[in-house]
Chemist: 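Before I ask anything, let me first share the structure, which is written out below as structure tokens.
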Amino acid sequence: MLRTHTCGELRKTHVGQQATLSGWVDKYRDHAGIVFIDLRDRYGKTQAKFNLEDNSEIQREARGLRHEDVISVTGEVVARPADMVNPKLETGEIELRVTQLTIQGKSATPPFLPGGSDLPNEEIRLKNRVVDLRRPELQQALILRHKFTKLVRDYFDRQGFLDIETPILGRSTPEGARDYLVPSRVHEGCFYALPQSPQIFKQLLMCAGYDRYMQIARCFRDEDLRADRQPEFTQIDVEMAFVQQDDVLEVIDGLIGETLRNLVGIEHPLPLPRYSYAEVMERFGSDKPDMRFGMELVDLGEIAAHCDFGVFSSTIQSGGRVRGLLAPAAADKYTRKMIDELTEFVKDYGAKGLAFLRVNENGLDSPIAKFFSPEDQAAIIAKFQAKPGDLIFCVADSFAVSCAALSALRNRLGRELKLYDPRSFSCLWVVDFPLLHFDAEDNRWVAEHHPFCYPHPDDVPKLDTDPGAVRAQSYDLVVNGYEAASGSIRIHDSAIQQKVFDLLQISPEEAEYRFGFLLQGLRYGAPPHGGIALGLDRWVMLLCGYDNIRDVIAFPKTQKASDLLSGAPSEVDFKQLRELHIKLNLPE
RNA sequence: GGCCCUGUAGCUCAAUUGGUUAGAGUACCGGACUGUCGAUCCGGUGGUUGCGGGUUCGAGCCCCGUCGGGGUCGCCA
């Protein structure tokens with residue numbers, strides 16, 4: 001071994017022992033007669049000391065060491081003089097008095113220093129990912145990711161789940177996200193699709209009798225990226241047979257409890273609270289509300305309907321909603337200019353404007369206050385339970401727009417007003433999603449989750465009469481405002497499946513052509529089953545307290561889905577294309 | 001596809017708002033220094049201001065286009 005200990009390991013108890021450490025030169029301090037090297041590996045840092053009197057040859061060599069050189073050093077672990085202890089280092093009570101030095105790998109001048117305080121921009125970091133990955137923050141994130149996946153596998157193993165792999169090269173299925181396609185050499189003109197999720201395969205495994213399945217599965221979706229979305233990402237994929245919705249939620253409750261307890265030391269109350277989709281949309285305007293703080297939406301419909309403010313009253317008349325939220329003690333914190341900025345912000349979500357009301361000792365102070373009678377002003381204050389110094393924002397629009405605008409505003413205000421501890425966790429289930437929504441553009445019903453999602457038993461009759469009111473047996477796990485998992489009970493009854501296909505305007509022939517292999521699986525004795533998938537990258541991001549998943553992925557892609565390190569995607573040889581029967585037809 | 005932010009030395013940033021030779025810290029190179037830990041001190045190298053046009057006596061700064069990076073809306077069953 002080229003080391004006897006790691007760079008995070010040595011303590012006062014090792015004093016007097018011989019030790020060999022290997023690692024990267026994090027910092028060097030050259031005093032001519034004495035040279036200090038902070039040697040770094042993923043376990044920590046240890047100071048190596050090269051004294052002229054100990055060995056002049058090695059000491060001279062040490063003076064040539066530079067950042068990121070890889071070296072091995074051997075010597076005696078010695079206690080530092082009391083006034084030379086470095087409390088910032090775990091190993092700060094000792095140092096290694098070096099008598100042997102091997103330069104294992106000299107480094108070219110690095111583009112930036114992993115130990116530096118100024119972080120370069122992300123483009124530089126991604127192009128030089130090897131250097132970036134040496135940063136302790138990134139190393140800790142990947143270590144936590146490992147601990148999480150291990151905890152997940154152990155948890156499901158204890159519960160009797162089998163880890164089974166499913167194909168990466170699959171069949172393109174319609175609906176859902178855009179597929180990544182892989183051309184077939186053997187089958188001219190045919191393509192595989194990379195899985196958006198192992199959805200159909202895990203259902204087939206249920207039909208095949210593997211009644212508890214889990215997999216940490218890579219998924220691919222060719223859609224635009226976000227801070228929490230990569231084109232390839234990892235799901236903790238779970239499916240269970242002979243279960244109902246409560247059974248799935250219970251298993252996941254246990255996993256979440258164990259995860260938060262073991263990885264971040266938080267006892268989250270269990271079972272996780274459950275809210276209906278209708279309730280969270282009404283109270284928070286979002287199907288993934290951040291419950292670390294309150295600031296619930298308040299309905300002003302009654303007052304708006306009869307007030308003199310035309311924007312409000314006409315919205316109510318045309319079937320829209322007037323709702324608002326209260327920013328506590330924010331009246332002085334938001335100047336008119338800042339409120340104008342918030343108005344622009346909500347316009348991104350379709351709102352046409354943002355009304356605001358400052359609450360003071362005398363009532364409401366606002367350009368629109370004059371439209372409200374003293375009684376209505378008092379009623380508004382009462383509804384919001386407003387106190388002097390508070391600031392009320394209102395949006396008048398369709399239900400959908402008021403939800404989108406106010407929930408975005410709520411998240412922003414919660415963050416800006418520091419209404420919650422960013423290290424805290426708030427997890428909840430959202431259940432009873434609608435099964436379908438009507439796509440006005442295409443003039444048809446579209447599955448909210450996916451076409452195999454079982455309707456709520458009480459709502460099955462409504463499939464014929466009022467499809468929009470049918471609830472699904474589907475559920476999302478929401479953590480700090482992120483969709484952290486999503487799943488459903490699946491249809492295993494071919495008559496109901498047919499009914500859903502009918503609503504989705506998928507003909508029997510088309511269904512057979514597109515999902516024949518699933519329908520065939522369901523035909524030969526299908527058990528009731530359901531499952532869920534957790535977004536692994538998002539979970540690790542949340543556990544780390546980060547706000548983008550690139551910092552928990554070793555080699556992530558940019559917003560344009562390219563890998564700046566390897567240069568993917570790239571052009572390929574004409575020969576490769578010819579073998580695949582592909583002719584390029586590029587835009588001008 | 002839309003909107004917003006961004007690109008100046010290897011890296012992090014500045015440049016008195018259009019004005020002379022684009023600066024600083026750090027890294028790198030050379031020198032001094034035997035207890036530093038953001039070592040210190042002295043000196044030095046380093047720039048097609050992402051790229052291409054335009055306006056102007058004059059552009060890092062203004063305009064148009066384009067490329068890269070980030071955020072977001074649409075999109076993501």
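Side chains included, hydrogens not; waters and symmetry mates left out as well; all remaining heavy atoms used. Each chain gets a letter, A, B and so on, in the order the sequences are listed, and its residues count up from 1.
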Chemist: Please report the distance separating the P of B:rG10 from the corresponding atom of B:rA27, rounded so that it comes out in whole Å.
Modeler: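 Those two atoms are separated by 16 Å.
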Chemist: When both hydrogen-bonding distances must be under 3.5 Å and the geometry is Watson-Crick or G-U wobble, what is B:rC28 paired with, if anything?
Modeler: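 Pairing partner, where one exists within any strand: B:rG44.
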Chemist: In whole Å, what is the span from the CZ atom of A:R550 to the C1' atom of B:rG69?
Modeler: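 The distance from CZ of A:R550 to C1' of B:rG69 comes to 9 Å, rounded to the nearest Å.
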Chemist: Look at the side chain of A:E95 and the base of B:rG35, then say whether one donor and one acceptor between them are separated by less than 3.5 Å.
Modeler: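 A donor-acceptor contact between them is present.
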Chemist: Please tabulate, one pair per line, each protein N/O and nucleotide N/O from nucleotides 1-3 of chain B that are separated by under 3.5 Å, including the distance.
Modeler:
{"residue": "B:rG1", "atom": "O6", "partner": "A:D224", "partner atom": "OD2", "Å": "3.4"}

Chemist: Under 3.5 Å, which N/O atoms of the protein pair with N/O atoms of nucleotides 22-26 of chain B?
Modeler:
none

Chemist: What interatomic distance, in whole Å, is found between C1' of B:rU56 and the corresponding atom of B:rG69?
Modeler: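 My reading of the C1' atoms in B:rG69 and B:rU56 gives 32 Å.
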Chemist: For the side chain of A:R229 and the base of B:rC76, is some donor closer than 3.5 Å to an acceptor across the two?
Modeler: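 Flag set: donor-acceptor pair detected.
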Chemist: Respond yes when some side-chain nitrogen or oxygen of A:R412 is under 4.0 Å from OP1 or OP2 of B:rG71, and no when none is.
Modeler: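 A:R412 to B:rG71 OP1/OP2: no side-chain N or O under 4.0 Å.
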Chemist: Which residue, A:E123 or A:R538, contacts RNA chain B at a nucleotide closer to its 5' end, judged by nearest heavy atom?
Modeler: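 This one resolves to A:E123.
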Chemist: Going from CG on A:D179 to CZ on A:F220, what distance comes out if it is rounded to the nearest 0.5 angstrom?
Modeler: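 Going from CG on A:D179 over to CZ on A:F220, the span is 11.5 Å.
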Chemist: Please list, for nucleotides 28-34 of chain B, all pairs of protein and nucleotide N/O atoms separated by less than 3.5 Å.
Modeler:
{"residue": "B:rC28", "atom": "OP1", "partner": "A:Y28", "partner atom": "OH", "Å": "3.4"}
{"residue": "B:rC28", "atom": "OP1", "partner": "A:H67", "partner atom": "ND1", "Å": "2.8"}
{"residue": "B:rC28", "atom": "OP2", "partner": "A:Y28", "partner atom": "OH", "Å": "3.0"}
{"residue": "B:rC29", "atom": "OP2", "partner": "A:R66", "partner atom": "NE", "Å": "2.9"}
{"residue": "B:rC33", "atom": "N3", "partner": "A:D30", "partner atom": "O", "Å": "3.3"}
{"residue": "B:rC33", "atom": "N4", "partner": "A:R63", "partner atom": "NH2", "Å": "2.9"}
{"residue": "B:rU34", "atom": "N3", "partner": "A:E53", "partner atom": "OE2", "Å": "3.2"}
{"residue": "B:rU34", "atom": "O4", "partner": "A:E53", "partner atom": "OE2", "Å": "2.6"}

Chemist: Between the base of B:rC37 and the side chain of A:R80, is there any donor-acceptor pair under 3.5 Å?
Modeler: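 Such a pair exists between side chain and base.
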Chemist: Write down the distance between CD (A:E232) and P (B:rC76), rounded to a whole number of angstrom.
Modeler: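 About 20 Å, once rounded to whole Å.
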Chemist: What nucleotide, of B:rC11, B:rG70, B:rG35, holds the atom closest to the side chain of A:P120?
Modeler: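 Among the listed nucleotides, the one closest to the side chain of A:P120 is B:rC11.
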Chemist: Return the polar atom pairs (N/O with N/O) between nucleotides 44-46 of chain B and the protein under 3.5 Å, or none.
Modeler:
none

Chemist: Check every atom of B:rG35, B:rG10, B:rA39 against the side chain of A:P111 and return the nucleotide holding the closest atom.
Modeler: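 Selected nucleotide: B:rG10.
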Chemist: If the P atom of B:rG31 is compared with that of B:rC37, how far apart are they to the nearest Å?
Modeler: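 Taking atom P in both B:rG31 and B:rC37, they lie 23 Å apart.
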Chemist: Heavy atoms only, 4.0 Å cut-off, all strands: where does A:E344 land among base, sugar-phosphate and nothing?
Modeler: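 Touches nothing.
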Chemist: Any sub-3.5 Å donor-acceptor pair from A:S488's side-chain atoms to A:G530's backbone N or O?
Modeler: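 Side chain of A:S488 to backbone of A:G530: no pair is present.
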Chemist: Under a 3.5 Å cut-off for both distances, is B:rC3 Watson-Crick or wobble paired, and to whom?
Modeler: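 Looking at the geometry, B:rC3 pairs with B:rG71.
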Chemist: Strictly below 4.0 Å: does A:R29 bring a side-chain N or O up to OP1 or OP2 of B:rU36?
Modeler: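 No, outside the criterion.
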Chemist: Determine which pairs satisfy ring-ring contact (aromatic ring centres under 6.0 Å, His included) with at least one residue from residues 25-61 of chain A, sequence neighbours left out, and list them in order.
Modeler: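 For residues 25-61 of chain A, and leaving out neighbouring residues, the ring-ring contact (aromatic ring centres under 6.0 Å, His included) pairs sorted by first residue read A:Y28-A:H67, A:H31-A:F36.
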Chemist: Can you list, by residue number, the residues of residues 559-566 of chain A that have a non-hydrogen atom closer than 4.0 angstrom to RNA chain B?
Modeler: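 Residues of residues 559-566 of chain A under 4.0 Å from RNA chain B: A:Q559, A:K560, A:S562, A:L564.
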Chemist: So, does A:N121 get its side chain near the phosphate of B:rU6, meaning an N or O under 4.0 Å from OP1 or OP2?
Modeler: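 For B:rU6, OP1/OP2 do not have a side-chain N/O of A:N121 under 4.0 Å.
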